Amino acid sequence: MSTILIRGAKILGGEPADVLIEGESITQVGTGIEAGDATVIEAAGQILLPGLVDLHTHLREPGREDSETVLTGTKAAAAGGFTAVHAMANTFPVADTAGVVEQVWRLGKESGYCDVQPVGAVTVGLEGKQLAELGAMHDSAAGVKVFSDDGKCVDDAVIMRRALEYVKAFDGVVAQHAQEPRLTEGAQMNEGVVSAELGLGGWPAVAEESIIARDVLLAAHVGSRVHICHLSTAGSVEIVRWAKSKGWNVTAEVTPHHLLLTDELVRSYDPVYKVNPPLRTEADVMALREALADGTIDCVATDHAPHPHEDKDCEWAAAAMGMVGLETALSVVQQTMVDTGLIDWAGVADRMSFRPAAIGRLEGHGRPVSAGEPANLTLVDPAYRGTVDPAGFASRSRNTPYKGRELPGRVTHTFLRGRATVVDGKLA
């Protein structure tokens with residue numbers, strides 16, 4: 001049984017303290033802790049957080065191992081400070097049966113770099129026509145509680161209602177990719193001034209907002225839980241805020257890239273900025289930051305979407321949508337939320353660990369940094385400043401919008417149940 005002493009870290013940004021890890025658990029938190037045979041990590045000036053939890057990760061396996069595998073994706077997650085990720089269902093074959101979600105779950109167990117909780121598809125083949133095996137996926141070894149057709153919207157109101165009714169039986173949640181398909185046919189970027197000037201097909205805000213409005217009403221009607229994936233507009237914020245004021249069981253996530261980047265970047269025609277939902281306006285970005293700060297938006301989720309070089313190194317219209325995000329998420333949140341004074345490090349722990357773990361009903365994660373808790377932990381050096389170099393990523397893909405950009409903060413250590421997965425900024 002290994003013993004690790006983290007000395008002088010600021011727990012959730014508070015006063016410096018020592019944390020003793022023995023085996024898989026935290027056994028002591030205090031000052032002046034001594035442990036003769038322990039591996040000592042001098043952490044003065046660093047922030048100690050509970051291990052981060054991502055509600056929205058694309059690991060691509062099975063079927064698109066040229067983009068990512070469960071092993072490379074979980075390495076990227078660990079490097080970014082994550083101890084658990086939720087793996088989206090748009091694989092090949094689709095994760096719409098107990099067999100596929102169990103395969104992904106077992107691959108996660110074998111990888112060992114972080115826990116992998118599969119997300120089950122809502123509909124068979126993500127086609128939006130027939131409910132998938134929701135109960136069987138929940139009852140499988142993977143114990144699925146989150147269901148999503150992410151990448152596609154469950155646009156049929158009756159199917160969405162039935163899914164909400166079904167998951168209510170086992171306290172599951174439907175995570176909706178809010179995109180009215182008829183309003184986004186041929187869409188290439190956010191609909192607005194920039195799309196008009198560039199002559200690119202527009203993805204209007206109302207295509208997201210209309211689905212969110214419908215789904216919060218449906219969730220209230222059946223008394224079930226709905227989670228809004230990658231919320232991206234100021235109008236969506238207002239709808240979620242209204243739904244929460246009613247006491248309805250609605251939660252929402254925002255991606256790091258929607259907290260920082262705007263549609264002005266599309267003027268470069270660089271497909272690295274092509275993503276779904278698209279980068280929006282500066283006004284939307286500011287509204288999203290405020291909503292994350294005041295709790296209207298519950299959590300940050302990466303929507304880590306790896307693509308091989310050839311799917312991005314092409315003309316804009318032909319390029320795949322999506323960005324990698326696991327290894328830069330915490331730095332972007334520090335820059336946009338912490339360094340701006342909108343939230344403190346305790347707020348980061350809440351939005352990137354406590355709340356996503358609670359939404360996903362993920363046991364053992366999102367726990368306090370205190371004695372008796374699992375040692376799922378992340379150490380961050382907030383004073384670090386570095387330029388993003390995707391050549392050093394653990395992910396198999398390199399489609400980051402931050403290449404060459406200076407970002408603050410660096411994960412120095414990640415611990416999964418007391419075992420170091422990252423040491424001194426490098427994978428263990």
Side-chain angles (χ1 to χ4, degrees), residues 49-61 64-65 67-88 90-91 104 107-108 111-119 150 229-230 253-261 272 275 299-308 312 322-336 348 351-353 356-357 360 362 365-366 376-380 386 388-403 405 407-416 421-422 425-428:
L49 300 172
L52 307 184
V53 175
D54 191 12
L55 268 176
H56 194 147
T57 306
H58 297 274
L59 295 180
R60 302 301 191 209
E61 190 176 11
R64 285 305 305 266
E65 290 83 0
S67 303
E68 195 78 283
T69 65
V70 173
L71 177 59
T72 61
T74 53
K75 284 182 175 180
F82 292 88
T83 54
V85 298
H86 289 73
M88 283 294 173
N90 57 343
T91 49
V104 174
L107 286 167
S111 79
Y113 280 90
C114 77
D115 287 346
V116 175
Q117 179 56 53
V119 174
D150 182 65
C229 295
H230 44 49
E253 71 190 30
V254 65
T255 71
H257 49 269
H258 285 114
L259 291 172
L260 180 59
L261 310 177
V272 77
V275 65
C299 63
V300 175
T302 69
D303 193 10
H304 174 81
H307 291 292
K312 280 290 192 179
M323 305 167 170
V324 292
L326 285 167
E327 293 169 77
T328 52
L330 190 56
S331 290
V332 174
V333 170
Q334 180 181 334
Q335 178 173 318
T336 58
V348 173
R351 308 306 195 275
M352 298 189 75
S353 184
L362 198 59
H365 293 273
N376 296 317
L377 299 167
T378 300
L379 256 179
V380 187
V388 176
D389 179 9
F393 281 0
S395 172
R396 180 163 280 187
S397 293
R398 301 288 180 264
N399 53 305
T400 174
Y402 310 116
K403 181 180 179 180
R405 185 186 285 254
L407 291 176
R410 179 177 76 117
V411 172
T412 63
H413 293 74
T414 307
F415 299 94
L416 178 64
T421 55
V422 173
K426 295 181 173 56
L427 287 168

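Everything quoted here is computed from the prediction, not taken from an experiment.
Between G81 and T378, the shortest heavy-atom contact is O-OG1, 2.6 Å. In terms of heavy-atom proximity, P306 sits nearest to V324 at CA-CG1, 3.6 Å. Annotation for F82 and V85: closest pair CB-CG1, 4.4 Å, computed over non-hydrogen atoms. For the residue pair A78 and Y113, the shortest heavy atom distance occurs at CB-O, 3.7 Å. For the pair L427 and A79, the tightest heavy-atom approach, listed with the atom from each and the gap, is CD2-N, 4.3 Å. Closest heavy-atom contact between L362 and V53: CD2-CG1, 4.0 Å.
In this structure, CG on D303 lies 11.5 Å from CG on L55, to the nearest 0.5 angstrom. Taking OG1 of T414 as the start and CG of L377 as the end, the distance is 9.5 Å to the nearest 0.5 Å. Remark: M88 CE to T57 OG1 distance equals 7.5 Å, nearest 0.5 Å. Atom OG1 of T421 is separated from atom NE2 of H413 by 10.0 Å, given to the nearest 0.5 angstrom. Going from atom NE2 of H258 over to atom OG1 of T336 covers 13.0 Å, rounded to the nearest 0.5 Å. Taken from CG in L107 to OG1 in T74, the straight-line distance is 9.5 Å, to the nearest 0.5 Å.
Annotation: side chain of L59 is not in contact with side chain of T69 (no heavy-atom distance under 4.5 Å). Proximity of V104 to V116: side-chain heavy atoms (C-beta onward) are separated by under 4.5 Å at one or more points. Contact annotation: the side chain of L261 approaches that of P401 to within less than 4.5 Å [non-hydrogen atoms, C-beta and beyond]. Side-chain contact between V272 and K403: absent, with no pair of heavy atoms (C-beta onward) separated by less than 4.5 Å.
Donor-acceptor pairing under 3.5 Å is lacking for the side chains of E68 and S397. Side-chain contact, H304 with D54: no donor N or O sits under 3.5 Å from an acceptor N or O. If you check the side chains of D150 and H58, you find a donor sitting under 3.5 Å from an acceptor.
In terms of the side-chain contact (heavy atoms from CB on, under 4.5 Å) criterion, residue partners of T412 (sequence neighbours excluded) are, by chain and number, Q46, L379, D381, R410. Partners of S331 under the side-chain contact (heavy atoms from CB on, under 4.5 Å) rule, at least two apart in sequence or in another chain, are L407. Residues passing the ring pair (Phe, Tyr, Trp, His ring centres under 6.0 Å) test with H230, sequence neighbours excluded: H56, H177.
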Derivation of the side-chain contact (heavy atoms from CB on, under 4.5 Å) call for T255 and V300: CA-CA 6 Å; T255 71; V300 175; over 6 Å; no
Step-by-step side-chain contact (heavy atoms from CB on, under 4.5 Å) determination, C229 to E253: CA-CA 6 Å; C229 295; E253 71 190 30; 3.6 Å; yes
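Looking only at distances, a side-chain donor or acceptor of N399 sits under 3.5 Å from a matching main-chain atom of H307. Judged purely by atom type and a 3.5 angstrom limit, E327 uses its side chain to pair as donor or acceptor with the backbone of S395. At least one donor-acceptor pair under 3.5 Å links the side chain of R396 to the backbone N or O of E65.
Of the candidates T328, L326, V332, L326 is the only one forming a side-chain contact (heavy atoms from CB on, under 4.5 Å) with T302. Considering T91, T72, L71, V70 as possible partners of E61, the one that fulfils the side-chain contact (heavy atoms from CB on, under 4.5 Å) test is V70.
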